[in-house]
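Residues: numbered from 1 along the sequence shown. What you see below is based on every heavy atom in this structure, not just the backbone, and it leaves out hydrogens, waters and symmetry mates.
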Amino acid sequence: VTEEKRVEAIKRDFVANVSHELRTPLASIKGYAETLLDGAMNEPDTLKNFLSIINRHAGRMAVLIEDLLTLSMLESHHLPLKLETVDVRALIINVIQGFEKNALDKGLKLTADISDDIPSVTADRVRLEQVMVNLIDNAIKYTNSGAVRVAANMADNMLKVDVEDTGIGIPEKDIPRIFERFYRVDKGRSRELGGTGLGLAIVKHIIQVHNGKIWVKSTPGKGTSYSFVLPFNSNVIPA
């Protein structure tokens with residue numbers, strides 16, 4: 001009975017969170033569209049500005065729905081994975097290069113510390129890249145000064161990757177829930193930075209379907225470190 005109540009509570013929270021996340025952009029789209037239909041479309045500057053806002057909110061909804069579908073398939077083990085031999089060093093360096101401008105714009109030092117002798121892993125390249133993109137993006141977003149460091153090495157015959165930052169950190173009470181769907185430490189700031197609240201949940205499930213583990217350590221005001229391990233050669237959890 002207790003487990004059934006817990007599952008029902010999770011379902012209610014999930015529906016409430018999805019509704020809340022969709023309500024804001026839908027309300028904005030509806031409001032700006034109605035204003036245009038009431039005559040504002042005859043003003044070129046207003047028309048362009050309002051259409052830009054509508055497009056931005058529609059894009060936010062599209063990202064949210066895509067994340068929801070991905071998470072749903074991951075949780076049900078129905079997401080098709082394309083396993084291949086992945087050069088970890090090349091993948092991480094490629095992702096880091098894509099964030100160099102973001103880090104530079106905030107005055108952050110973005111570095112890589114990757115062992116030369118790391119073997120390749122058998123994994124879904126696209127999903128593993130999604131993990132790295134999410135973790136590095138989060139580290140940069142929530143770091144106002146200092147550095148973001150990405151490290152990769154071997155640990156107990158497994159690949160170990162760390163994404164460390166000198167950012168705002170996570171309160172201890174929030175750490176156990178950080179990988180939950182829609183859970184945000186700072187709800188207002190997360191939405192302002194464009195997050196859907198599903199990124200870390202997706203990361204956790206991608207790591208898990210590759211038979212890996214992920215965890216986080218953080219000190220408020222000093223920084224956060226996300227770490228995960230993956231076996232170099234293992235079967236993905238079956239659907």
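- The side-chain heavy atoms of Lys109 and Val148, taken from C-beta on, include no pair separated by under 4.5 Å.
- Between Leu159 and Met154 there is no side-chain heavy-atom pair separated by less than 4.5 Å.
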### Task
Start with the C-alpha gap between Val150 and Thr111, add the side-chain angles, then the distance that decides, and say whether side-chain contact (heavy atoms from CB on, under 4.5 Å) holds.
CA-CA 6 Å; Val150 182; Thr111 62; over 6 Å; no
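- Under the 3.5 Å distance criterion, the side-chain polar atoms of Asp165 are matched with a main-chain donor or acceptor of Thr224.
- Residue pairs satisfying the salt bridge (Lys or Arg N to Asp or Glu O under 4.0 Å) criterion with at least one member in residues 142-162, sequence neighbours excluded, are listed as follows: Asp113-Arg149, Arg149-Glu164, Lys160-Asp162.
- Taken to the nearest 0.5 Å, the CG atom of Leu47 stands 4.5 Å off from the CG atom of Leu51.
- For the atom pair His210 NE2 and Leu128 CG, the distance stands at 6.5 Å (nearest 0.5 Å).
- Atom OH of Tyr32 sits in a sparse spot, with 12 or fewer heavy atoms from other residues, nucleotides or ligands closer than 6.0 Å.
- The closest donor-acceptor contact from the side chain of Ser52 to the backbone of Lys48 lies at 3.5 Å or more, if one exists at all.
- Residues Ser115 and Asn153 share a closest heavy-atom pair of OG-CB, 3.4 Å.
- With rounding to the nearest 0.5 Å, the separation of CG in Asn49 from CG in Leu36 is 9.5 Å.
- The two residues Ala139 and Val163 come nearest to each other via the heavy atoms CB-CG1, 4.0 Å.
- To the nearest 0.5 angstrom, Asn134 atom CG is 9.0 Å from Tyr226 atom OH.
- A donor-acceptor distance shorter than 3.5 angstrom exists from the side chain of Ser218 to the backbone of Ile170, with no hydrogens or angles considered.
- Between the CD1 atom in Ile214 and the CZ atom in Phe179 there is a gap of 4.0 Å [rounded to 0.5 Å].
- Residues Val126 and Lys82 are not in side-chain contact: their nearest non-hydrogen atoms beyond the backbone lie 4.5 Å or more apart.
- Here the closest non-hydrogen pair linking Ala112 and Ile96 is CB-CD1, 3.5 Å.
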### Task
Starting from the C-alpha separation in whole Å, work towards a yes-or-no answer on side-chain contact (heavy atoms from CB on, under 4.5 Å) for Gln208 and Lys204.
CA-CA 6 Å; Gln208 287 181 340; Lys204 181 191 72 172; 3.8 Å; yes
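- In this structure, the side chains of Phe228 and Leu135 come closer than 4.5 Å at one or more pairs of heavy atoms.
- For Asn157, the CG atom sits in a loose shell: 12 or fewer heavy atoms of surrounding residues, nucleotides or ligands are nearer than 6.0 Å.
- Other residues, nucleotides and ligands contribute more than 12 heavy atoms inside 6.0 Å of the CG atom of Asp117.
- The two residues Ala33 and Ile54 make their nearest non-hydrogen contact at N-CD1, 4.0 Å.
- Side chains of Phe99 and Met132 form no contact here, defined as non-hydrogen atoms less than 4.5 Å apart.
- Between Leu200 and Glu180 there is no side-chain heavy-atom pair separated by less than 4.5 Å.
- Under the rule for a salt bridge (Lys or Arg N to Asp or Glu O under 4.0 Å), the partners of Glu84 that lie at least two apart in sequence or sit in another chain are Arg125.
- The closest side-chain heavy-atom distance from Arg127 to Ile202 is not below 4.5 Å.
- Nearest heavy-atom pair, Pro171 versus Pro220, reported as atom, atom and distance to 0.1 Å: CA-CG, 3.8 Å.
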### Task
Give the C-alpha distance, both sets of side-chain angles, the deciding distance and a yes or no for side-chain contact (heavy atoms from CB on, under 4.5 Å) between Lys222 and Thr166.
CA-CA 5 Å; Lys222 293 186 177 181; Thr166 57; over 6 Å; no
### Task
Apply side-chain contact (heavy atoms from CB on, under 4.5 Å) to Leu230 and Met158, showing your working.
CA-CA 6 Å; Leu230 290 178; Met158 299 183 80; 5.6 Å; no
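- Pro119 and Val88 make their closest contact through O-CG2, 4.2 Å (heavy atoms, listed as atom of the first residue, atom of the second, distance).
- Contact of the Val229 side chain with the Trp215 side chain is registered, since non-hydrogen atoms from C-beta on lie closer than 4.5 Å.
- Between atom CD of residue Gln97 and atom CG of residue Leu110 there is a gap of 10.0 Å, rounded to the nearest 0.5 Å.
- Under the 4.5 Å side-chain contact rule for hydrophobic residues, Val133 and Leu104 do not share a cluster.
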